[in-house]
Amino acid sequence: MSLAQPIAALPFSRRGACPSLDEPMRTGDGLLARLRIVGGRLGPEQLKAIAQQARQHGNGLLEITARGNLQVRGLTEQSSRLFARAIMGIVAIETGLVVETPPLGGDDPSEFSDPRPLAEAIRNMAQPFAGLLGPKVTIIVDGGGQISLSGLKADIRLVAVAAGRWHLFVAEGTAEELAFSEALARVSELLQQLAGLGPTARAADLVPPSKQSQAQAGSSPIGDFTLRSSVAAGVALPFGSIAAEDLAALACTAGQMGVTEIRLAPHHGLLAIGAGTAFTQRAAQLGFITTSSDPRTRISACIGSDGCASGHIPARVLAARIAAHLPEKTRLHVSGCAKGCAHPPPADITLVGRADGYGLVIGGKAGDTPRTVLQADQLESSLAAR
């Protein structure tokens with residue numbers, strides 16, 4: 001997926017030049033706009049309004065990314081301008097350094113520390129570095145609660161281990177245990193080092209390769225969660241994608257049930273604060289994932305040929321078709337091409353779209369040499385045999 005050419009006079013930007021949406025990206029189905037909503041929190045009416053704008057100005061397809069950002073697909077050069085103006089009147093958009101906290105942060109009785117004060121202090125401290133850091137530099141501040149961000153990559157990761165005590169990791173390396181003020185000073189030092197290296201630098205450039213490790217699996221946002229003074233019901237978008245009318249319908253349901261806040265969550269999730277069983281039941285009817293045992297939670301799929309010029313197959317359509325045939329505990333990646341954008345790491349089984357069929361990769365990545373090439377009528381039986 002490549003970046004779009006700059007669109008003159010659009011209120012889009014990569015890094016904090018003005019309150020804006022991220023610069024749109026050009027895909028096979030038009031322009032894609034990513035919305036970094038402040039705190040990942042919005043009301044049901046705001047979510048409904050965004051869905052309506054996606055239908056009016058795009059192709060009506062919305063996504064929640066693995067990091068919990070909202071995306072709208074199918075915009076045009078002209079409609080993206082109208083969409084941007086509309087969104088700015090609906091919800092506040094975050095810019096600047098990416099500092100992420102868990103969606104239940106501050107309301108989670110099981111967390112060691114509220115991550116929000118440290119995250120806000122980092123954002124304020126990082127303002128002088130605006131424009132000097134690369135757009136992908138990311139900091140995670142995790143309070144250690146019910147929904148962790150351990151499955152997401154970070155240049156700098158802070159994880160609470162006790163009240164006011166934090167483990168700091170640089171590029172997933174060795175932990176340093178620090179107090180609040182010490183952690184803030186250390187992050188400032190690291191950002192200054194990254195800024196000095198230039199906009200292409202990442203935290204991996206600051207530590208020896210031998211000290212780097214892979215992030216652990218993250219927590220699922222699906223299910224019921226107990227908060228300090230309320231509850232939350234979590235659902236997920238199948239393969240990270242949903243039709244605008246279904247998202248709008250869910251937002252309407254939330255509003256009718258008295259839900260005042262919906263939070264975007266990692267791993268393509270949504271959390272309705274104060275919602276219960278009735279909300280979850282309605283979400284299931286609309287096609288959302290409502291149980292962690294749903295086989296779709298173990299499938300990664302890009303949009304494929306339905307929205308990417310590189311895709312040979314409609315990956316999400318195919319993934320939905322074969323989900324019921326996926327063996328228990330098996331992780332499947334369905335990729336429209338060999339780039340493997342939806343799941344860069346290895347998967348138990350990967351199906352790769354090709355001009356001559358579906359490449360079957362076992363225990364590898366989309367770009368690996370396939371064991372064999374399957375045809376459409378062989379897919380279900382091949383999965384069942386694993």
Side-chain angles (χ1 to χ4, degrees), residues 1-3 25-29 32 63 65-67 71 73 136 150-154 171-173 200 202 204-205 208-218 237-241 266-268 294-386:
M1 188 180 294
S2 61
L3 295 180
M25 296 177 283
R26 191 173 301 281
T27 68
D29 58 351
L32 178 149
E63 299 170 333
T65 69
R67 306 199 78 96
Q71 295 185 160
R73 303 190 68 99
K136 293 186 178 181
S150 58
L152 305 181
K153 290 184 178 181
E172 314 301 351
T200 61
R202 302 296 298 274
D205 299 319
S210 61
K211 292 188 177 181
Q212 296 178 43
S213 62
Q214 293 296 320
Q216 300 173 356
L237 281 61
F239 320 121
S241 177
H267 310 299
H268 319 294
D294 191 312
R296 292 175 294 176
T297 62
R298 293 180 281 113
I299 303 177
S300 299
C302 63
I303 195 168
S305 57
D306 283 338
C308 178
S310 300
H312 293 282
I313 57 173
R316 289 174 181 163
V317 173
L318 174 63
R321 186 188 106 193
I322 62 180
H325 300 272
L326 186 64
E328 189 176 353
K329 298 183 179 180
T330 298
R331 180 81 193 187
L332 171 67
H333 177 199
V334 183
S335 183
C337 71
K339 290 189 292 185
C341 299
H343 187 75
D348 298 322
I349 301 173
T350 301
L351 293 173
V352 186
R354 297 162 48 108
D356 58 348
Y358 307 82
L360 174 66
V361 177
I362 305 298
K365 306 177 182 180
D368 293 344
T369 301
R371 178 172 296 185
T372 187
V373 178
L374 303 172
Q375 299 306 308
D377 59 356
Q378 299 176 297
L379 296 176
E380 286 87 349
S381 59
S382 295
L383 284 179
R386 299 294 159 188

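Residue numbers count from 1 along this sequence.
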When you compare the side chain of [Y] with that of [X], does any pair of heavy atoms fall below 4.5 Å?
X    : Y    : value
I303 : R316 : yes
R371 : T369 : no
I362 : I349 : yes
L318 : Y358 : yes
P346 : H333 : no
K339 : C302 : no
I313 : V334 : yes
L351 : L360 : yes

Measure from the side-chain N and O atoms of [X] to the backbone N and O of [Y], and report whether any donor-acceptor pair falls under 3.5 Å.
X    : Y    : value
R298 : T330 : yes
S382 : Q378 : yes
R67  : K153 : yes

When rounded to the nearest 0.5 angstrom, what is the spacing between [atom1] in [X] and [atom2] in [Y]?
X    : Y    : atom1 : atom2 : value
D348 : R331 : CG    : CZ    : 9.0 Å
L332 : R296 : CG    : CZ    : 13.5 Å
R73  : E63  : CZ    : CD    : 4.5 Å
H343 : I299 : NE2   : CD1   : 12.0 Å

Nearest heavy-atom neighbours spanning [X] and [Y]:
X    : Y    : result
H312 : G353 : CD2-O, 3.3 Å
R354 : P370 : NH1-CG, 3.6 Å
G311 : S305 : O-CB, 3.4 Å
A315 : A301 : O-CB, 4.0 Å
C341 : P344 : O-CD, 3.8 Å
C337 : A366 : O-CB, 4.0 Å

Neighbour count >12 (heavy atoms, 6.0 Å) for atom CD, E328: no
Verdict with supporting geometry, V373 and Q375, side-chain contact (heavy atoms from CB on, under 4.5 Å): CA-CA 7 Å; V373 178; Q375 299 306 308; 4.3 Å; yes
Ion pair E380/R321, N-O distance below 4.0 Å: yes
Residue list, salt bridge (charged side-chain N to carboxylate O under 4.0 Å, His left out) with D368, at least two apart or on another chain: none
Derivation of the side-chain contact (heavy atoms from CB on, under 4.5 Å) call for H267 and L152: CA-CA 9 Å; H267 310 299; L152 305 181; 4.2 Å; yes
